[in-house]
Amino acid sequence: MSTSLENLMPAGRAAVLRPLAQASTLPPAFYTSPEVFEAETERVFARNWVSVGRASEIPNAGDRFRIDVAGEPLLIVRGKDGEVRALSAVCRHRWMLLGTGAESSGTISCPYHKWTYALDGSLMAAPLMEKAEGFEHKDCALPIFGCEVWNGFIFVNLSGDAAPLARSLAPLAEEFAPWKMDEMEIVGQIEFDQPYNWKVLVDNFMEAYHHFAIHPETFEPNYPAAISRAEETNAPYAVLRMPRKDDGLSDSLFKPLDGVPDRARRGFSVFNVYPSMLLAVLADSVVWYRMEIDGVDHFKLTVYLLAHPKSLDVPDVETLKTFLREGTFAVHMEDIAACDGVQKGLMSGAARAGRLSHLEGAIHEHQKWLLGELGRE
């Protein structure tokens with residue numbers, strides 16, 4: 001652990017670990033320090049399951065996409081056997097990156113010297129290597145990392161020793177079952193370049209306290225801040241419930257599936273599957289925020305809009321998809337103003353840890369978990 005983090009941990013730990021009514025946030029340095037970010041990369045993102053995509057994005061053998069997790073370049077590949085794998089995207093010859101985005105072919109070929117790999121990572125061909133003594137194709141397979149598909153979401157684990165994903169998320173799987181998320185389609189995607197710390201967005205996403213100030217017209221009239229509530233989960237995820245005002249039915253663009261419970265039609269819930277998978281689950285759709293975190297003050301955000309095919313069996317569905325995309329974009333633009341302001345404030349020499357409201361319990365749960373992960377050898 002770096003000296004900077006060693007110095008920060010005792011001061012931050014005591015205030016964060018108190019009961020919510022007495023607790024404070026993590027100190028600002030946890031959002032701005034390169035040393036803390038390095039520790040998060042090694043101890044949080046490299047050790048835990050990280051969501052990277054949807055299985056529906058690579059439906060056929062040979063389909064794949066590139067993504068980095070904790071600085072590790074990966075290829076997420078659908079094999080000929082139908083399995084989804086997370087392969088190293090670094091050629092075993094001289095480290096050229098394999099792939100640049102979404103691609104599809106029956107093999108993986110390095111653009112530098114045309115070393116060619118099978119979809120399971122095994123080396124098939126290495127041109128002009130016949131004079132290299134002792135060279136064996138079997139010694140040059142691409143490393144494979146932990147990979148699981150859960151509710152249609154692809155998760156990766158770099159360490160290889162994380163607890164099985166399905167077991168740790170079993171209560172969530174039970175809650176999500178009526179939505180049939182593994183069958184959902186991507187009905188829209190929005191990309192943002194975000195110049196602030198990843199936890200600034202997580203904090204904002206997991207509290208409705210800001211609705212009356214930041215979303216006075218989009219959220220507060222129907223989902224008032226004052227009646228939101230976080231749940232204590234004692235699990236690797238946080239939950240925030242946002243009931244509709246007067247317990248009325250929420251407006252739906254699409255058609256909720258028959259099994260979706262009545263309580264879900266009278267509000268919506270947001271989730272943070274630790275460390276950073278952000279989900280908004282509505283009666284008729286799901287919004288997923290995927291963060292590709294590449295620095296202490298920068299990440300790429302892709303917002304996925306998901307709906308079940310049966311939910312889309314409504315008139316003017318393409319117009320409704322556009323409306324969902326535009327509405328989601330507008331709400332996040334309101335949040336960007338808040339997140340940008342917080343990031344600038346965090347850089348102030350006068351910034352200190354802040355006290356938490358009773359409406360910020362999901363932030364409290366996440367930050368307690370984060371401290372535990374950072375303190376783990």
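Computed from heavy atoms alone, side chains included, the values below leave out hydrogens, waters and symmetry copies.
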| message | Given 3.5 Å as the limit, does a donor-acceptor pair link the side chain of Arg78 with the main chain of Ala55, or not? | response | yes
| request: Assert yes or no for the condition that the ring centre distance of Tyr196 to Tyr31 is strictly below 6.0 Å. | output: no
| query | For the residue pair His366 and Tyr274, does the interplanar ring angle fall in the parallel (under 30°), tilted (30 to 60°) or perpendicular (over 60°) class? | reply | tilted
| message | Within the 3.5 Å criterion, strictly below it, is a donor on Glu365 or Thr233 matched to an acceptor on the partner's side chain? | response | no
| Trp288 ring center within less than 6.0 Å of Tyr304 ring center | yes
| query | Can the ring centroids of Tyr223 and Phe212 be said to lie less than 6.0 angstrom from one another? | reply | no
| request: Please check if any side-chain donor atom of Ser269 sits under 3.5 Å from a side-chain acceptor atom of Arg241, or the reverse. | output: yes
| request: Assert yes or no for the condition that the ring centre distance of His308 to Phe254 is strictly below 6.0 Å. | output: no
| query | Given His93 and Tyr112, is the ring-ring contact (aromatic ring centres under 6.0 Å, His included) satisfied, shown in steps? | reply | CA-CA 9 Å; His93 174 221; Tyr112 200 3; 7.2 Å; no
| field | Sole residue of Leu306, Leu324, Thr322 in side chain to side chain contact (heavy atoms under 4.5 Å, CB included) with Val187 | value | Leu324
| Are Trp198 and Phe45 near enough that their ring centres are under 6.0 Å apart? | yes
| message | Can you confirm if the aromatic rings of Trp115 and Phe135 lie within a centre distance of less than 6.0 Å? | response | yes
| request: Mind running side chain to side chain contact (heavy atoms under 4.5 Å, CB included) on Phe37 and Glu42 for me, showing each step along the way? | output: CA-CA 9 Å; Phe37 178 72; Glu42 295 174 356; over 6 Å; no
| said: So that I know where these two stand, are Phe219 and Phe268 an aromatic pair - ring centroids less than 6.0 Å apart? | reply: yes
